[in-house]
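Here the structure comes first, spelled out in structure tokens, and everything after it is commentary.
Residue numbers start from 1 in every chain, and the chains themselves are labelled A, B, ... in the order their sequence lines are given, proteins ahead of strands.
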Protein chains: 2
Amino acid sequence: MKKEKKYTYDYERPALATDTVIFGFDGAQVKVLLTQREREPFKNKWALPGGFVFMEETTEQAAKRLLQEKAGLRNVYIEQLYTFSEVDRDPRERIVAVAYYALVNAHQYEVSAGRDTLKTEWFGLSELPKLAFDHARIIRVAIERLKGKVSYQPVGFELLNEKFTLPQLQTLYEAILEMPIDKRNFRKKILSTGLLFPLEEKEKNVAHKAARYYSFDKRMYKELTKKGFHFEL
Amino acid sequence: MKKEKKYTYDYERPALATDTVIFGFDGAQVKVLLTQREREPFKNKWALPGGFVFMEETTEQAAKRLLQEKAGLRNVYIEQLYTFSEVDRDPRERIVAVAYYALVNAHQYEVSAGRDTLKTEWFGLSELPKLAFDHARIIRVAIERLKGKVSYQPVGFELLNEKFTLPQLQTLYEAILEMPIDKRNFRKKILSTGLLFPLEEKEKNVAHKAARYYSFDKRMYKELTKKGFHFEL
DNA sequence: AACAAAAGTGTATTTTTTACACTAAGAATG
DNA sequence: CATTCTTAGTGTAAAAAATACACTTTTGTT
């Protein structure tokens, strides 16, 4: 990019950053991935992975880049959440943050986490530590968004393995919505969408009846969506 | 604000702007308020009212300020829409836009519009002119959002007078959702929310049976919302 | 007085949602 | 190898919500 200052306007500019709320699911709880800050301000406090947006990338590209840099995550489902622009949200200077939320398979992730140098950790939604900046607020907004989204978009599948059982899926929905769901009604409804495919395979080494695995056809879902289909739970 | 350059980082920064999609309703059609650009780029093209964000204001404050400056609008219902950050969305330089959408009473507005110096005009959604920048896309996103929002939040009332008839309200919903709605079922449902209050007053000077006016109690709605109530159409 | 035009009203049918309890399968135990 | 433990898996009836649908009323105009 050119370094000449032939700006359209020459007001001082806020810095532009992204922060991402990374959701995961450990089979029982919805969790958020946080990184511990190495320097001031908020040294040693936990924070959302984020950073500044470069001139030659969109905010979404920045969020994805930073997810990889800070948490070793690639190819994750990511969606814009909200832009936070309170004047004093960063004590150093004016920073406007375009927040994103990501849904990742926590199991898959734990493998590649070792590579990264920063300290990162999963926290259950009810066990969040004190957070830096306005990140607690960002997480609250993200949880609300996730709750709303889950019932009219099949986002839940991003949080599970490619093969999953219906009890797993139900537990996930219960965790996100924070309410119990009737087993029979849940199955009826989720199967009636026609988006879940039963596999031959079943669970192994469980001390009870083994549950059947299912898979979700993302490609077919996208096709159907184009044709006006609407998922709804 | 200080002018010293003690920045946390010294990358070049994108400029930060807001653009607002202003929705109105003329009794038959949903419309968008556009301003004609006075200078390059896109001179004489129509565009969303917008402008740069100052250092001492949030993006929402900026959007509201610009609504007043560019269209003479005060106290409007405004909500964040999405942040657009394509690198080349402005031919001059990198500008990231936090877009908002506003719902205004178009009748009320037409009175105060005269004061403003800029040329502004309402356009029906199906008669939009060629637009500057990526503003056509922003409007598309805003329409989608409005469609989604209308059925689980009583936003429609922002577009009408304080007193309105049920046929007016129905026409508005039909215009937003772009589908016909059954009169009896619509009345049943909207009245069952308990948020509409019949007034004594009726229409005058209409060449047919006069419709009763109703009002919507915004205050009560907010109260109920806090107590867990959920509007739904 | 007759007409035109839109407001206002109720019911029956269909669809969707909800509530609910037992049998089946697999591993662990004695 | 029989018993026990634990969770998977299944159907139906009742209640609630959504839908389809046609005539009477009111007001101004001719």
Side-chain angles (χ1 to χ4, degrees), chain A residues 25-29 150-152 156 160-161 163-175 177-216 229-233, chain B residues 25-29 147 150-152 154 156 160-161 163-175 177-216 229-233:
Chain A
F25 180 63
D26 67 1
Q29 273 193 316
V150 87
S151 44
Y152 65 90
L160 297 171
N161 289 323
K163 300 176 208 169
F164 53 87
T165 67
L166 293 188
Q168 280 168 3
L169 188 63
Q170 181 176 345
T171 307
L172 170 61
Y173 272 79
E174 288 176 329
L177 296 172
E178 299 182 281
M179 53 154 72
I181 304 176
D182 180 88
K183 192 179 9 169
R184 283 183 281 196
N185 294 339
F186 177 79
R187 292 175 154 255
K188 219 184 303 172
K189 212 165 179 187
I190 203 87
L191 289 175
S192 75
T193 63
L195 293 168
L196 260 55
F197 301 96
L199 307 177
E200 288 307 314
E201 197 181 349
K202 293 185 180 183
E203 283 180 315
K204 278 168 190 160
N205 305 319
V206 285
H208 54 77
K209 181 168 176 179
R212 176 180 296 279
Y213 283 112
Y214 285 78
S215 70
F216 172 78
F229 168 85
H230 281 280
F231 175 89
E232 208 191 312
L233 187 89
Chain B
F25 180 63
D26 67 1
Q29 272 193 317
K147 271 191 197 178
V150 87
S151 45
Y152 65 92
L160 296 171
N161 289 323
K163 300 177 208 169
F164 52 87
T165 68
L166 293 189
Q168 279 168 2
L169 187 62
Q170 180 176 345
T171 307
L172 170 60
Y173 272 79
E174 289 176 329
L177 296 172
E178 299 182 281
M179 53 155 71
I181 304 177
D182 180 87
K183 194 181 5 173
R184 284 184 280 198
N185 296 338
F186 177 79
R187 292 176 154 254
K188 218 184 303 173
K189 211 166 177 186
I190 203 86
L191 289 174
S192 75
T193 62
L195 293 167
L196 260 55
F197 301 96
L199 307 177
E200 288 307 313
E201 197 181 348
K202 293 184 179 183
E203 284 180 315
K204 277 166 191 161
N205 307 318
V206 285
H208 52 77
K209 181 169 177 181
R212 177 180 294 280
Y213 283 111
Y214 286 78
S215 70
F216 172 78
F229 168 85
H230 281 281
F231 176 89
E232 208 192 313
L233 188 90

Pairwise distance CG(A:Leu196) to CZ(A:Phe164) - rounded to 0.5 angstrom: 4.5 Å
Validation row, ring centre A:Phe186 to ring centre A:Tyr173 under 6.0 Å: yes
Minimum-distance nucleotide (side-chain atoms of B:Ala210 versus C:dA7, D:dA8, D:dT27): D:dT27
Protein-nucleotide distance ([X], atom [atom1]; [N], atom [atom2]), rounded to Å:
{"X": "A:Asn205", "N": "D:dT7", "atom1": "CG", "atom2": "P", "result": "16 Å"}
{"X": "B:Tyr214", "N": "C:dA7", "atom1": "OH", "atom2": "P", "result": "12 Å"}
{"X": "A:Lys209", "N": "C:dG26", "atom1": "NZ", "atom2": "C1'", "result": "10 Å"}
{"X": "A:His208", "N": "C:dT29", "atom1": "NE2", "atom2": "P", "result": "14 Å"}
{"X": "B:Asp182", "N": "C:dT15", "atom1": "CG", "atom2": "P", "result": "17 Å"}
{"X": "B:Arg212", "N": "D:dT27", "atom1": "CZ", "atom2": "P", "result": "11 Å"}

Carboxylate-amine/guanidinium contact A:Glu232 A:Lys189, below 4.0 Å: no
Note, A:Thr171 side chain near A:Phe25 side chain (heavy atom, < 4.5 Å): yes
Any side-chain heavy-atom pair of A:Leu195 and A:Phe229 under 4.5 Å: yes
Residues in contact with DNA chain C, drawn from residues 184-203 of chain B - heavy-atom cutoff 4.0 Å: B:Arg184, B:Arg187, B:Lys188
Residue whose nearest DNA chain C nucleotide is more 5′ - B:Gln168 or A:Glu232: B:Gln168
Side-chain-base donor-acceptor pair under 3.5 Å for A:Lys183 and D:dG9: yes
Residue pairs involving residues 201-210 of chain A (criterion salt bridge (Lys or Arg N to Asp or Glu O under 4.0 Å); sequence neighbours excluded): A:Lys163-A:Glu201
